2 protein chains.
Amino acid sequence: MIPNKTVAYALTILGFMATRNEAMCSAEYLHQQLNIPRRYLRRLLTDLASHGFLKSSSGRNGGFIFAQDLKGTNLAMVINKLEGSDAINNCIPSFSCCIVDKPCIIVHGWKHVQRWSKL
Amino acid sequence: MIPNKTVAYALTILGFMATRNEAMCSAEYLHQQLNIPRRYLRRLLTDLASHGFLKSSSGRNGGFIFAQDLKGTNLAMVINKLEGSDAINNCIPSFSCCIVDKPCIIVHGWKHVQRWSKL
DNA sequence: TTTTAATACTACCAAAAGGTATTAATATAT
DNA sequence: ATATATTAATACCTTTTGGTAGTATTAAAA
């Protein structure tokens, strides 16, 4: 599945950081570990921080660390934040069956996606 | 979830056609029903046909109709065909946990997507 | 056999997403 | 205080995706 690279990167970052919980990670370190383009990675980290998934601290020895409330976070929440409002629930924009009278055959499949495992 | 518009359109088309099984649909008819941009819809229909999901017949009274073998088709197959090789299994490209030593926390979530309901 | 209603193909344009460069701001260590 | 190692912000370039235009091809109907 390809939601898009940004989402993939974000999950990669959070997944990686989850394996070293409570450790502060600099952008440079994450870049070396995860092979995500430096500059883009930085922007993403800033985004994740501003959305409350990470906490950032500037200056020497700074970096990024999980925000407290990440424990109750699941993948859907990450995607929804990054993709704007409710990307997962609005899964297939203007899905035909929701316009036409017949019941929606396909949408059921997407329901699973909304119950992803917690981080 | 937003795989991308092309995939969303494709699922919309197939979903709609599934509600009128065995009926031949012209591109113009589908355009009117589904509100997908005319030209782009045509291209997509051609693609779906060339990938074997639909059969096309040219000429007057032509159009598109389900191919025989669509009965065993699931959403993952459609996406994989449209997105190129194995888009679903390669879900998160170069996922960190597959590089690093620790087990992959996130990837489990995506497994669900591979077992979507049949069309 | 000519007209007409359809798909097929190819090339092109526009918008969005991915990625880079530069500079500013911040905070620690010496 | 100053140098240094970090994040923050903004503007820009590149690539991919979404969408359009024009023409060719096909086949049924008259």
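Model, not experiment: these values are computed from the prediction.
We find that CG of Leu44(A) is positioned 12 Å from C1' of dA17(C), with the value rounded to whole Å. Atom CE in Met24(B) sits about 17 Å away from atom P in dA5(C), given to the nearest Å. Computed from coordinates, the Leu41(B) CG to dT7(C) C1' distance equals 12 Å when rounded to whole Å. For His31(A) and dA5(D), the NE2 to P distance is 17 Å, given to the nearest whole Å. Atom pair Ile36(A):CD1 and dT20(C):C1' shows a separation of 16 Å (rounding to whole Å applied). Between the NE2 atom of His51(A) and the P atom of dA8(D) there is a distance of 14 Å, rounded to whole Å. We find that CG of Leu45(A) is positioned 17 Å from C1' of dT26(C), with the value rounded to whole Å. To the nearest angstrom, P of dT4(D) lies 17 Å from CD of Glu28(A).
For DNA chain D, the neighbouring residues in residues 55-63 of chain B, judged by any heavy atom under 4.0 Å, are Ser58(B), Gly59(B), Arg60(B), Asn61(B).
Contact check for Leu54(B) versus Ile65(B): no side-chain heavy atoms found under the 4.5 Å cut-off. A 4.5 Å side-chain heavy-atom check between Leu30(A) and Met17(A) finds at least one atom pair inside the cut-off.
Closest of all the heavy-atom pairs between Gly63(B) and Met24(B) is C-SD, 3.4 Å. Across Ala49(A) and Ser56(A), no two heavy atoms sit closer than the pair CB-CB, 4.2 Å.
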Exercise. Step by step, work out the side chain to side chain contact (heavy atoms under 4.5 Å, CB included) result for Asp47(A) and Thr6(A).
Key: CA-CA 11 Å; Asp47(A) 282 4; Thr6(A) 300; over 6 Å; no
Practice item. Go through the steps for Lys55(A) and Phe64(A) under the test side chain to side chain contact (heavy atoms under 4.5 Å, CB included), then give the verdict. Key: CA-CA 6 Å; Lys55(A) 277 187 298 190; Phe64(A) 298 86; over 6 Å; no
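For Glu28(B), the side-chain contact (heavy atoms from CB on, under 4.5 Å) test picks out Ser26(B), His31(B), Gln32(B), Arg38(B), with sequence neighbours left out.
Ring-plane geometry between Tyr40(A) and Tyr9(A) is classed as perpendicular, the angle between the planes exceeding 60 degrees on a 0 to 90 degree scale with a lower cut at 30.
Ala27(A) comes within 4.0 angstrom of sugar-phosphate atoms only, judged by non-hydrogen atoms across all strands, and of no base.
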Each nucleotide of nucleotides 12-24 of chain D classed B (base within 4.0 Å of a protein heavy atom), S (only sugar-phosphate) or -, in 5' to 3' order, makes ------SBBBB--
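A side-chain contact (heavy atoms from CB on, under 4.5 Å) with Leu41(B) is found for one member of Thr12(B), Ile36(B), Asn35(B) and no other, namely Ile36(B).
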